[in-house]
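The block underneath contains the structure these notes are about, expressed in structure tokens.
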2 protein chains.
Amino acid sequence: MRVDAQRNREQVLAAAQQLFADRGTSVPVDEIARAAGVGVGTVHRHFLTKDDLVDAALIASCEPIFGLLETAAADPDAGHALEQLLLELTEHQSRHRGLAERMRETDDLSPAVVEVKQQIAAGLRAVVARAQATGQVRADVVPTDLRLLFAGLATAATATGQSCSTEERLRFVRILLDGLRTPDPSPLPPLPAPPTAPAPNS
Amino acid sequence: MRVDAQRNREQVLAAAQQLFADRGTSVPVDEIARAAGVGVGTVHRHFLTKDDLVDAALIASCEPIFGLLETAAADPDAGHALEQLLLELTEHQSRHRGLAERMRETDDLSPAVVEVKQQIAAGLRAVVARAQATGQVRADVVPTDLRLLFAGLATAATATGQSCSTEERLRFVRILLDGLRTPDPSPLPPLPAPPTAPAPNS
DNA sequence: GTATAAACGGAACCGCTGTTCCGTTTTCAT
DNA sequence: ATGAAAACGGAACAGCGGTTCCGTTTATAC
């Protein structure tokens, strides 16, 4: 690949990440092209369709999350690991609006995004399982519950836009965490038997 | 006002409520007109702009919520009232996708919508305060926290689309509730002093 | 029954955004 | 240095959705 093509591709991806993070995935392609210092044609040669660009940018923005997951996995205190992980995930998503938007959805996702989501879900699941083993998280929480929990975090991260301070977000996460670790939990309604598909991810 | 005009207005509003509830506020005006059995021109005579129609439809869909708030206020057991209220709010929003979308946002809302949101917030606040007085909800939760809590509920109600069963939603709400009523809560980070505006609602 | 004003329908319009296309420019192997 | 192939820019195109406009229809007062 020609060196200028390589450079342009990177600039487009970087501009897209920045703009999607700040303003969500609805920013027009033209604007991304301008920010990257290229023409719209160039954007479309590297990313066939806007969806492709969105996928690539969001997946790239997930990169740091894997670091967080590793740190959590290495923490000897499972409860502390979970707490830190949820706080940091929320913080990360609050800085990546477009990412948080997609994390809330489960439909119409490209295979690549599903793949990344499942990896993150698996990492989170492992931390929760460890915390359950040590009694730091109530036993009746199942992996499926984590999906909504994650979506709720994404909301906390972005939902109320600029008018929501970091402190407010942290308070919400702590309340959620307390719900997870409460010693005398209220009974959770039983899950229905998974209809046909075996409820793959969280 | 002519009788047919009155009837058409109601049909448009009903169709809009139905479609917004099912598929969010992004359904085209043309489609609403067709569902109502009128032309697009008629829609725009009754509702100057699409935003007006959205506001009117969503506010109309909030009507049942006030009933829920009254029931909660009348319940002698404050804890039970809160629990029921949150469950029913979530259930209601899960059946009104467009409504839940707006409930997550705080920016760019019309005065009328802000008004309704504040009324609902006030009702919820009262129930929480009562449950705090009886010790059924931790004391360190403040009205401001309810805003994110409400947004989180809205997410639980819709976020994961059809692939999320009622039971899963209820489990999430229960976990949140447990976080609110945990007897040994983790300390919540202090809120920053409200910058200038006195944080009007939740 | 008729006149008048109000309401109606839907084609046409407009702006916005993703995508395509092609003449021009840039890279790089020779 | 030079030519072919690759990449580029941005104007033009296409589709979608909100809004407008006007000829036609319908309700209502007299």
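Each chain gets a letter, A, B and so on, in the order its sequence line appears, and its residues count up from 1.
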Here the pair of heavy atoms bringing A:A156 nearest to A:F172 is CB-CD2, 3.3 Å

When every nucleotide of nucleotides 8-19 of chain D is labelled 5' to 3' by its protein contacts under 4.0 Å (heavy atoms), B for base, S for sugar-phosphate only, - for none, what sequence of letters results? BBBB------SB

Do B:N8 and B:T42 have side-chain atoms, one donor and one acceptor, less than 3.5 Å apart? no

Within 45 degrees of the axis of the six-membered ring of A:F47 and under 6.0 Å from its centre: does A:R9 put its NZ or CZ there? yes

Quiz question: by atom type and distance under 3.5 Å, do the side chains of A:E101 and A:T25 form a donor-acceptor pair? yes

Nearest whole Å is fine: how far is C:dA6 C1' from B:R7 CZ? 14 Å

If I take atom CZ in residue A:F47 and atom C1' in nucleotide C:dT19, what distance separates them, rounded to the nearest angstrom? 16 Å

May I ask you to decide whether A:E168 forms a salt bridge with B:R147, counting only side-chain N to carboxylate O separations under 4.0 Å? yes

